[in-house]
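Single-structure report; data block below.
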There are 2 protein chains.
Amino acid sequence: MNLPIPGQPVRGSKTGQPIMALFDLLGRSWAMGIIWHLAKGPSTFRGLQTYCESISPTSLNKRIKELRDSYLIVKTIDGYALTEQGKELYGLIEPLGLWAKGWSKNFKKQ
Amino acid sequence: MNLPIPGQPVRGSKTGQPIMALFDLLGRSWAMGIIWHLAKGPSTFRGLQTYCESISPTSLNKRIKELRDSYLIVKTIDGYALTEQGKELYGLIEPLGLWAKGWSKNFKKQ
DNA sequence: ATTCATTGCTACAAATTATGTAGCAATACT
DNA sequence: AGTATTGCTACATAATTTGTAGCAATGAAT
């Protein structure tokens, strides 16, 4: 499956409801991590590679293409950066950071 | 990689910061879809299978185990259901639904 | 002007993950 | 007793991701 396009069948949804297309896009490895990182400011390919630790350049490049084709990031003189829509989306996922800290306490027992 | 546990290395993060563990968990196929569906009410295994259309029982069962082990869903007499934490998380991802509808207009040109 | 470092990738094999289909034991219903 | 539904497991095939190597293009330093 290629780029998940709302309204067309996407990975796991024949109707391609927007939320399903978004889940398909964000569910791919490192997609949310890339957005999270770019929210702090533009970053080069190598910068993203360092941030994402173990991502392969193959995957990173694929992810970048998808996010660009989805209007969430663009290439600027300073590197890749979030678009206005990308920033909006970040605003929605940002609260997960704080929530995740609370959630992580469940596992502290081990 | 097995269950992503905050504080331990997860898929793509050696330090396992909570947000990274959460992204690993939610990034797996159908994880967010399952939460989205259970937010409407409890659902049986077969109910989830129908909702998720193309998911294989193998994947669904794996995802269910992970979400249970992560304290986000539980098995009840009525089927699988969100825990309080799962409901909290849903509250955070729910706004994505509306946003996705606006985002999808980008693609309408084709 | 030429080394040297950095950047933005591509190629490709190996490992991991997901799909698709079959099927089966355990309950519930008729 | 027979039939349907549920909650799975098994297993082969397909798709995705990782890990590593490497290379052309740009820029800085000598």
Run through B:Q85, B:R68, B:E66 and flag the one making a side-chain contact (heavy atoms from CB on, under 4.5 Å) with B:I73. B:R68
[X] [atom1] - [N] [atom2] separation (whole Å):
{"X": "A:L60", "N": "C:dT10", "atom1": "CG", "atom2": "P", "answer": "11 Å"}
{"X": "B:Y80", "N": "D:dG7", "atom1": "OH", "atom2": "P", "answer": "6 Å"}
{"X": "A:Y51", "N": "C:dT7", "atom1": "OH", "atom2": "C1'", "answer": "21 Å"}
{"X": "B:R11", "N": "C:dT16", "atom1": "CZ", "atom2": "P", "answer": "13 Å"}
{"X": "A:I34", "N": "C:dG8", "atom1": "CD1", "atom2": "P", "answer": "14 Å"}
{"X": "A:K65", "N": "C:dC9", "atom1": "NZ", "atom2": "C1'", "answer": "8 Å"}
{"X": "A:Q49", "N": "D:dA21", "atom1": "CD", "atom2": "P", "answer": "14 Å"}
{"X": "A:I55", "N": "C:dA15", "atom1": "CD1", "atom2": "P", "answer": "20 Å"}

To the closest 0.5 Å, what do you measure between CG (B:L48) and OH (B:Y80)? 8.5 Å
Distance (rounded to the nearest 0.5 Å) between A:I64 CD1 and A:K75 NZ: 8.0 Å
Any N/O donor-acceptor pair, A:T58 side-chain to C:dC12 base, under 3.5 Å: yes
Among D:dT18, C:dG20, C:dA18, the one nearest any side-chain atom of B:R28 is C:dA18
Counting heavy atoms from C-beta on, name the nucleotide in D:dT9, C:dG8, D:dT18 closest to the side chain of A:K75. C:dG8
Decide yes or no on side chain to side chain contact (heavy atoms under 4.5 Å, CB included) for A:L26 and A:I35, but give the supporting numbers first. CA-CA 9 Å; A:L26 295 184; A:I35 292 170; 3.8 Å; yes
Could you go through the side chain to side chain contact (heavy atoms under 4.5 Å, CB included) check for B:D24 and B:M20 one step at a time? CA-CA 6 Å; B:D24 184 357; B:M20 286 299 142; over 6 Å; no
Which of residues 39-46 of chain A sit near DNA chain C, with a heavy atom under 4.0 Å from it? A:T44, A:F45, A:R46
Which label fits A:W30 and A:Y51: parallel for a plane angle under 30°, tilted from 30 to 60°, or perpendicular past 60°? perpendicular
With sequence neighbours left out, the residues meeting ring-ring contact (aromatic ring centres under 6.0 Å, His included) with A:W103 are A:W99, A:F107
Is any side-chain nitrogen or oxygen of B:S29 closer than 4.0 Å to OP1 or OP2 of C:dT19? yes
Can you work out whether B:N61 or A:S59 has the more 5'-proximal nearest nucleotide on DNA chain D? B:N61
